[in-house]
Amino acid sequence: REHDCTGRLVLPGLVDVHVHLREPGMTEKEDFGSGTRAAAAGGVTTIVDMPNTSPPVTTAARFAEKLELVRDKAHVDFGLYGMIDHDNADEIAGVAAQGAMGLKLFMGQTTGDNRCPDDAAIFRGLEAAAREGLVVGVHAENDHILRMLIDRLRASGRTDPRAHLESRPDFIETEAVTRIITLATEAGAQLHIHHLSSAAGLRRLVNLRAEGHRVTAEALVSHLLLDDSAYDTHGNLIKLNPPIRPAGDVAALWAGIDRGDLDMVATDHAPHTCAEQAETDVWRAYGGFIGVETMLPLMLTEAARGRLTVSDVVRLCSYTPARRWSMPGKGHIAPGFDADLVVVDPDREYPLDASGLHSKHNATPYAGWPLRGAVETTFLRGTIVHHDGEIVGPPSGRQVRPRPVPNRGTR
Ligand code: NCD
Ligand code: ZN
Ligand code: ZN
């Protein structure tokens, strides 16, 4: 069959390595059907789903249950993360054997109760990951200090959205980045830092790389496009862990993108119900908001503005993540690769219409934003799965397993 692409750009489908689709146990927020429909409509053909569910994916049995639960619901291809907790090193081999894309390590408090703040536990988890050659993706914030600061701010009577930013100053991230890189190198684990958010954290990462540590890092679309002035307009909707920060941090992240110090961009698509997103007490509100469907239009808009090029967008949001996680057939248009393609109209200008989004709940800070660049058609392995806002066909997504790679360690 023919598909007319006159005047369009054809890009490799995006690979979003930081997505929370909430199965099992939190499906009032999102599920694999709704979340992967949002991905397909946004030109994202591979997602990596996070394990901070209810229950969390901490054992081989739970990984098997999750795979069974989601495998027939996906409209795009998906990788699944397992998780490192305080005492599950014995489970890691069984999780790896089922094709886990990696292991998530939450050093600090965030959605779900999955923290692993203890150094000895972290080290045992890193050793187990190293034995299996799995990438460890880390949420790097110092749990003990942020909890102390939350208690202090609460005691002072603060409940406003900015108190969240004050409870997670940049040194909380810098400290955790330093500690996890140090431990991962000693354990020989492959390390990826999710949602690096601060100028100071990025400086530390660059310095540690100069000492010979090997680590990749991602920036979020939200940390690149929003600064703390948005608390006044959006309140707790933009509560995010780590927080939306002052403009100076945002500028440092863009500079990190320009210099290549930040390797990739992801969304941290973290849905909550509209009622939860409207919570006015910052300590009761959840962190995170949706983003998988709006990543490509927002990044194309940045490209149209000249902040980066379209090929930068492809490298940051598709090619590099697919290579980092050794995803066979993903991230590139070339012989031997899957025909995961997205056709975009780079010139179309329109305001972002939140009511057309495919997630279960459509609260987004980007509603009404002027966009330039629209996703028209999405192909998954050669078949159209989305056209002009409509999902096409039954779920045809498959599990993506990382190609086994020799673990060269982190030095
Ligand atoms: C994420 C979520 O809701 O699952 N929330 C967030 O604020 N980023 C969890 C996470 O990525 O830390
Ligand atoms: Zn996180
Ligand atoms: Zn996340």
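Computation of the quantities below employed the complete heavy-atom set of this structure, encompassing side-chain atoms and omitting hydrogens, waters and symmetry-equivalent molecules. Remember, it's 1-based here, ligands and their atoms both numbered in the order they're listed. Since this is a predicted model, take the numbers as computed values, not measurements.
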remark   = In this structure, atom 10 (C) of ligand 1 is nearest to the protein heavy atom T110 OG1, 3.3 Å
query = Does Y319 have R315 sitting over its ring (NZ/CZ under 6.0 Å from centre, angle to axis within 45°)?
reply = no
query = So which heavy atom in the protein is nearest atom 3 (O) of ligand 1, and how far is it from that ligand atom?
reply = T111 OG1, 2.6 Å
inquiry  = Could you report the tightest heavy-atom contact between D49 and E23, atom names first, then the distance?
reply    = OD2-O, 4.5 Å
inquiry  = What I want to check is whether the side chains of R152 and S156 have a donor and an acceptor closer together than 3.5 Å.
reply    = no
query = Going by the order shown, which atoms of ligand 1 are within less than 4.0 Å of some heavy atom of A270?
reply = 1 (C), 2 (C), 3 (O)
message = Please find the pair of heavy atoms, one from A285 and one from E279, that lie closest to each other, and give the distance.
response = N-CG, 3.6 Å
key: Under-4.0 Å heavy-atom contact with ligand 1, by part of H195 that carries it   = side chain
note = Residue, atom and distance of the protein heavy atom nearest atom 5 (N) of ligand 1 read G287 O, 3.2 Å
Numbered atoms of ligand 1 (with element) below 4.0 Å of G288, judged on heavy atoms = 6 (C), 7 (O)
key: N142 and E175 side chains, donor-acceptor separation under 3.5 Å   = yes
request  = Considering just N/O/S atoms, say which atom of H18 is closest to the Zn ion (ligand 3).
outcome  = NE2
Numbered atoms of ligand 1 (with element) below 4.0 Å of N52, judged on heavy atoms = 2 (C), 4 (O), 9 (C)
ask   = Quick one: does ligand 1 sit under 4.0 Å from the side chain of H18, the backbone, both or neither, non-hydrogen atoms only?
value = side chain
query = Can you tell me if H164 and N241 form a side-chain donor-acceptor pair at under 3.5 Å?
reply = yes
query = Given I92, which of E132, E127, M83, R124 fulfils the side chain to side chain contact (heavy atoms under 4.5 Å, CB included) condition?
reply = E132
request  = Just give me the atom name: the N, O or S atom of H20 closest to the Zn ion (ligand 3).
outcome  = NE2
ask   = Under a heavy-atom criterion of less than 4.0 Å, does M50 contact ligand 1?
value = no
Exercise: identify the closest heavy-atom pair between G331 and P12 = C-CB, 4.1 Å
request  = Give a yes/no answer: is there an N/O/S atom of H195 under 2.8 Å from the Zn ion (ligand 2)?
outcome  = yes
key: Contact with ligand 1 for H194, non-hydrogen, under 4.0 angstrom   = no
remark   = If you scan protein heavy atoms around atom 8 (N) of ligand 1, the nearest is D268 OD2, 2.8 Å
Other residues, nucleotides, ligands: >12 heavy atoms within 6.0 Å of D90 CG = no
query = Taking the N/O/S atoms of H139 one by one, which is nearest to the Zn ion (ligand 2)?
reply = ND1
task = Can you see which heavy atom on L126 is nearest to which on I84, and at what distance?
result = N-CD1, 4.3 Å
inquiry  = If I take every N, O or S atom of H194, is at least one of them less than 2.8 Å from the Zn ion (ligand 2)?
reply    = no
key: Atom nearest to the Zn ion (ligand 3) - D268, N, O or S atoms considered   = OD1
message = Taking the ring centre of each residue, are H195 and H18 less than 6.0 Å apart?
response = yes
message = Taking 4.0 angstrom as the limit and counting only heavy atoms of H272, give me the atoms of ligand 1 inside it, by number and element.
response = 3 (O)
message = Just by distance, no angles: are the side chains of R324 and Q190 close enough, under 3.5 Å, to form a donor-acceptor pair?
response = yes
ask   = Using heavy atoms and a threshold below 4.0 Å, how should the contact between R22 and ligand 1 be classified: side chain, backbone, both, or neither?
value = side chain
